[in-house]
Number of protein chains: 2
Amino acid sequence: MSKTVTNSVSARGPADHEVRDQIVVAATEHFSRYGYEKTTVSDLAKAIGFSKAYIYKFFESKQAIGEMICANCLRQIESEVRAAVDEADRPPEKLRRMFKAIVAASLRLFFQDRKLYEIAASAATERWQAALAYEERIRKLLQDILQEGRQTGDFERKTPLDETVMAIYLVMRPYLNPLLLQHSFDYTDEAPAQLSGLVLRSLSP
Amino acid sequence: MSKTVTNSVSARGPADHEVRDQIVVAATEHFSRYGYEKTTVSDLAKAIGFSKAYIYKFFESKQAIGEMICANCLRQIESEVRAAVDEADRPPEKLRRMFKAIVAASLRLFFQDRKLYEIAASAATERWQAALAYEERIRKLLQDILQEGRQTGDFERKTPLDETVMAIYLVMRPYLNPLLLQHSFDYTDEAPAQLSGLVLRSLSP
DNA sequence: CATGTGACCAATATGTATTATGGTCACCAT
DNA sequence: ATGGTGACCATAATACATATTGGTCACATG
């Protein structure tokens, strides 16, 4: 997995500390095995051999720990998507891959790491920083692809970039956002291709 | 409100019967005031002055009553959407109006008839006939607009019609389906215009 | 045959007493 | 300062006994 980044809002005490990492490791293990709700802060404390109170020297709440794990998880998805995009060299294909990778990665999280998925769903519902930041990074990635496509002449240039980004983001959202994805399983097979097709037609110069 | 249609699957006994209508009226009243869950079958029975058992001569379950009310409710939305579409005479504008009307009508249901909205959400979750039929009718309306647009030359004709219908339906779905709409409130202002724009660009010949 | 019901049952919902949990704090040790 | 904890509290989760509810059926009436 990608390097565990620990800086963040809602973190306390020494930013770079062995114990902080231990907490993150233990939390990742416990949350993904037993789920966020079923894991108590005491469980995590026990797992790393310290008292519960000590945990709170590093995180200001249980949710803050959840956010960290969730952030790692979303960063993981993001990097898969980026990797998929990088495999293509022309913007239209990049867009197709992006769509496909988003759906694939999100589905994988759902089916293979249900517990973590549930955290991501909470993050989306409750608008955690991690979720907002993830959305924003995906949006940026989309914007980069569109911008490149405009430069290469693959995409039209009349529509304001912001509008295009927004519209396509809205099209992708049901498959990006865990809350929406849950209700879109019936379409995950066809949606990436169909919607990529539609979007690319809308972008043709 | 549009005429209360009563024929359906999951209806029992005499199809056209005064008491059946009384039940529907009472259910509409109770469900929308107190909600589906909080209303008991006995409440409905009391309201129309019969015994609970008698209700079951007309409906095979409480859910069947819910489906009826929900179906009326969705038909109501559909007719608003159709009315909006009919106001425009050219297919592109029809499409814009359709999108706008769907969002407006669904939001109105949510904010002004929360209890009925919750039934519609259940209908979507549990795949009631009423919800499936509604989706199908909206899809058909969309298809008709697209077909007309192809004839008038407003829309491109290369992409297979089914694909176009499907893709645009997928774009609209987050605002059609009560379950998804709940998670899209942040975008209901801009989405209709932005997405209509994108869709129309994708349809340009 | 059509209209109508009270009594009844399994399953679900509800209220409540009890426990477990998230979170803090004063305090100890190095 | 840094590293670390047990005792404590308000609130949230749990468990369980009790009451409701959805649904059926045999039967009554005209």
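Residue numbers start from 1 in every chain, and the chains themselves are labelled A, B, ... in the order their sequence lines are given, proteins ahead of strands. Heavy-atom basis, side chains included; hydrogens, waters and symmetry copies ignored. Because the structure is predicted, anything quoted here is derived from the model rather than measured.
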Query - Any side-chain heavy-atom pair of B:Phe59 and B:Val41 under 4.5 Å - result: no
Query raised in the report: In whole angstrom, what separates B:Lys62's NZ from C:dA13's C1'?
Result: 11 Å
Query raised in the report: Sequence neighbours excluded, which residues qualify as salt bridge (Lys or Arg N to Asp or Glu O under 4.0 Å) partners of B:Arg139?
Result: none
Requested in this report: Using whole Å, report how far NZ of B:Lys46 lies from C1' of C:dT5.
Outcome: 15 Å
Query raised in the report: Quick one: ring pair (Phe, Tyr, Trp, His ring centres under 6.0 Å) pairs with a partner in residues 15-41 of chain B, sequence neighbours left out?
Result: B:His17-B:Phe58, B:His30-B:Tyr34, B:Phe31-B:Tyr36
Query - Partners meeting side-chain hydrogen bond (donor to acceptor under 3.5 Å, both in side chains) with A:Asp186 (sequence neighbours left out) - result: B:Arg127
Requested in this report: Would you kindly give the CD1-to-P distance between B:Ile65 and D:dG23, to the nearest whole Å?
Outcome: 8 Å
Requested in this report: Please name all residues satisfying ring pair (Phe, Tyr, Trp, His ring centres under 6.0 Å) with B:Phe185, sequence neighbours left out, ordered by chain then number.
Outcome: B:Phe110, B:Phe111
Query raised in the report: Has A:Arg114 got more than 12 heavy atoms of other residues, nucleotides or ligands less than 6.0 Å from its CZ?
Result: yes
Query raised in the report: So, is A:Tyr56 near the phosphate of C:dG23, with a side-chain N or O under 4.0 Å from OP1 or OP2?
Result: yes
Query raised in the report: Looking at DNA chain D, which of residues 31-38 of chain A put a heavy atom within less than 4.0 Å of it?
Result: A:Lys38
Report summary line: Separation of C:dG23 atom C1' from A:Leu44 atom CG, nearest Å, is 14 Å
Query raised in the report: What is the distance from CD1 of B:Ile55 to P of D:dT24, rounded to the nearest Å?
Result: 13 Å
Query raised in the report: For the side chain of B:Glu156 and the backbone of B:Thr159, is there at least one donor-acceptor N/O pair under 3.5 Å apart?
Result: yes
Requested in this report: State whether a side-chain donor-acceptor pair under 3.5 Å links B:Arg33 with B:Thr28.
Outcome: no
Query raised in the report: Whole Å only: how far is the CD atom of B:Gln22 from the C1' atom of C:dT3?
Result: 13 Å
Report task. Go along nucleotides 1-8 of chain D 5' to 3' and tag each nucleotide: B for a protein heavy atom under 4.0 Å from its base, S when only backbone or sugar atoms are that close, - otherwise. Result -> --SBBB--
